[in-house]
Protein chains: 2
Amino acid sequence: MERRRADCIADDLEGLIFDGTFTDGERLDEVQLANRFSVSRTPVREALQRLAQSGLVVQIPRRGVFVRQPGPVELLEMFEVMAELEAVCARLAASRISDEGFKDLLDANRRCKAVVEVQDIFTYYRENERFHAILYRQSGNTFLEQECLRLQRRLQPFRRGQLRVRGRMAQSMAEHETIVAAIDAADGERAAEAIRQHVSVQGEKFHHLVARLKPAAE
Amino acid sequence: MERRRADCIADDLEGLIFDGTFTDGERLDEVQLANRFSVSRTPVREALQRLAQSGLVVQIPRRGVFVRQPGPVELLEMFEVMAELEAVCARLAASRISDEGFKDLLDANRRCKAVVEVQDIFTYYRENERFHAILYRQSGNTFLEQECLRLQRRLQPFRRGQLRVRGRMAQSMAEHETIVAAIDAADGERAAEAIRQHVSVQGEKFHHLVARLKPAAE
DNA sequence: ATTGCTAATCTTGTATACAAAATCGCTTGA
DNA sequence: TCAAGCGATTTTGTATACAAGATTAGCAAT
């Protein structure tokens, strides 16, 4: 599938916002961006509109588009929705998962465990995402799966830091085990509660999240 | 807040897709639309991209954009997600709702009831939406509220027909009562289950949904 | 007659030109 | 000194022009 320049620019801009090149509230100048990417304003505008739809920037008519990083409150809200959506996936998956689907889940979990051993945060992050993606898939609801992937992607830059917390990786693994066990027992409610705990930001996790958020705000 | 032409065109196109002027799979020609709205291709393209993001059309690079009406399966999936999202709202609202929020809910319910008396389907539809919107708000999670409103809007054209079913309006009202009672008792789980039943498409409702879907497919 | 190739046409994607609106800065008056 | 008004400049929104890829029709060859 061919990609248009506008698509590439949208992805690049997304990256630039995520990695803090563009800070919160900053105005994104169309001509500057056009020069930066060596294109005309047209594809830049298309890219900006896509970002506006996904919520990374806010577009004020006849004023321009401004970077809009979610604050602590909104971030907490997004994580809560993520937790609830994943809980729904887990509950549905508990009764709908196929044999091969369950095998995939076990496999993904094994791979996570192997990575925990060598304390490779980056790889764990990737394998963890795979584990969750399988759960979405096994909800048996394609639309739900897509929505989960969308939100997961949106929260991605904010989850990276979470695993750096000492002992978090091991704890995460333990929670995975609980989830898998509940699904194996076809106990939807228990699986839902387990993953809700796993994803939601509470107590210490909240502290670390906002702590990591601070630098970007300054 | 001022609106650009592209925004208006997007809304108009959305309506034209919803009311069946553009059928499933049909290609939307940029120049034709530009002529139709008496504008250039630029705002038309912007509008089409917005529709593509919200899933009403699919955009194939260098081919064009095509109307994409969800089939029965996807529609069912979307309703399932809607039911689950609203269930989350209800569960959270049960413990978070404020006194005035609960009063709003009761008020909305009263207005629904008044409309049932006169069998005004269209007005009931509107008041019903208000009832649900209040529930979203009372979840205490703005992000969740927005997501619910988004999906509600997306499913709007498919819910219109549901109320025409004989006796559905009265049943819907009864379900509202159950939901309100559960929230009043701060019983989150019961409220969640009640609204899940209320929204989800099962049994007869499924039948009516696909029956109403048929004409658009032909 | 059918299939494959080529060329003409059409459509999308991008660049540029133009119009309208908003911001900025200056001047002028109290 | 400060505020308000007015003009210049900047910036967004839209139209048009141009380029590149896709579709289609016609022609030729087997």
Side-chain angles (χ1 to χ4, degrees), chain A residues 1-18 20-70, chain B residues 1-18 20-70 150 153:
Chain A
M1 174 139 173
E2 307 214 26
R3 286 163 61 81
R4 290 159 301 175
R5 291 191 219 231
D7 296 331
C8 304
I9 292 169
D11 289 347
D12 286 357
L13 279 177
E14 200 177 278
L16 290 172
I17 291 173
F18 282 165
T21 305
F22 296 120
T23 65
D24 186 46
E26 185 173 349
R27 189 175 76 83
L28 296 180
D29 190 282
E30 293 181 1
V31 293
Q32 276 182 28
L33 292 175
N35 291 335
R36 176 175 199 141
F37 291 107
S38 302
V39 294
S40 78
R41 277 174 54 219
T42 312
V44 171
R45 279 179 64 84
E46 293 197 356
L48 288 176
Q49 284 188 306
R50 275 183 39 174
L51 296 190
Q53 288 252 322
S54 62
L56 270 76
V57 301
V58 60
Q59 201 168 15
I60 302 174
R62 309 228 171 249
R63 292 281 168 78
V65 309
F66 301 83
V67 178
R68 185 185 167 322
Q69 294 280 21
Chain B
M1 175 141 170
E2 308 215 26
R3 285 163 60 81
R4 290 158 302 174
R5 291 191 218 230
D7 296 332
C8 302
I9 292 169
D11 288 348
D12 287 357
L13 280 177
E14 200 177 278
L16 290 172
I17 292 173
F18 283 165
T21 305
F22 296 121
T23 66
D24 187 46
E26 185 174 348
R27 182 173 140 270
L28 297 180
D29 191 283
E30 294 181 1
V31 293
Q32 275 181 28
L33 292 176
N35 292 336
R36 177 175 198 141
F37 292 107
S38 303
V39 294
S40 78
R41 277 175 54 220
T42 312
V44 171
R45 279 179 64 85
E46 294 197 356
L48 288 176
Q49 284 189 304
R50 275 183 39 174
L51 296 190
Q53 287 253 323
S54 63
L56 270 74
V57 301
V58 60
Q59 201 168 16
I60 302 173
R62 307 226 171 251
R63 290 283 168 77
V65 308
F66 301 84
V67 178
R68 185 186 167 321
Q69 295 280 20
R150 200 171 56 90
R153 183 171 160 71

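Quick note on labels: first sequence line is chain A, next is B, and so on, each numbered from 1.
For C:dG13, the OP1/OP2 oxygens have a side-chain nitrogen or oxygen of A:Arg4 closer than 4.0 Å.
With rounding to the nearest 0.5 Å, the separation of CG in B:Leu51 from CG in B:Leu56 is 6.0 Å. With rounding to the nearest 0.5 Å, the separation of CZ in B:Arg36 from CG in B:Asp29 is 12.0 Å. With rounding to the nearest 0.5 angstrom, the CZ atom of A:Arg5 is 8.0 Å from the CD1 atom of A:Ile9. Residue B:Leu13 holds its CG atom at 4.5 Å from CZ of B:Phe37, rounded to the nearest 0.5 Å. Rounding to the nearest 0.5 Å places CG of A:Asp24 at 8.0 Å from CZ of A:Arg68.
Within residues 49-56 of chain A, no residue has any heavy atom under 4.0 Å from DNA chain C. Only B:Arg41, B:Arg45, listed by number, bring a heavy atom of residues 37-48 of chain B to less than 4.0 angstrom from any atom of DNA chain C. Across residues 25-33 of chain A, not one residue has a non-hydrogen atom less than 4.0 Å from an atom of DNA chain C.
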Under 3.5 Å donor-acceptor pairs involving side-chain atoms of residues 40-47 of chain A, not counting sequence neighbours:
unit_1	atom_1	unit_2	atom_2	d
A:Ser40	OG	A:Thr42	N	3.3
A:Arg41	NE	A:Glu30	OE1	2.9
A:Arg41	NH2	A:Glu30	OE1	3.1
A:Arg45	NH1	A:Glu30	OE2	2.9
A:Arg45	NH2	B:Glu46	OE2	3.2
A:Glu46	OE1	B:Gln49	NE2	3.0
A:Glu46	OE2	B:Arg45	NE	3.4
A:Glu46	OE2	B:Arg45	NH2	3.2

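B:Thr21 and B:Glu26 make their closest contact through O-OE1, 4.1 Å (heavy atoms, listed as atom of the first residue, atom of the second, distance). The minimum heavy-atom distance between A:Val67 and A:Ile17, with the atom names listed, is CG1-CG2, 4.0 Å. When all heavy atoms are compared, the tightest approach of A:Asp11 to A:Arg50 is OD1-NH2, 4.1 Å.
Remark: B:Arg153 engages B:Glu14 in a salt bridge (Lys or Arg N to Asp or Glu O under 4.0 Å) (not counting sequence neighbours).
From the 5' end on, the contacts that DNA chain D makes with chain A at under 4.0 Å to a non-hydrogen atom open and close at D:dT11 to D:dA22.
Atom-to-atom, CD1 of A:Ile9 to C1' of C:dG13 comes out at 12 Å; the value is rounded to the nearest Å.
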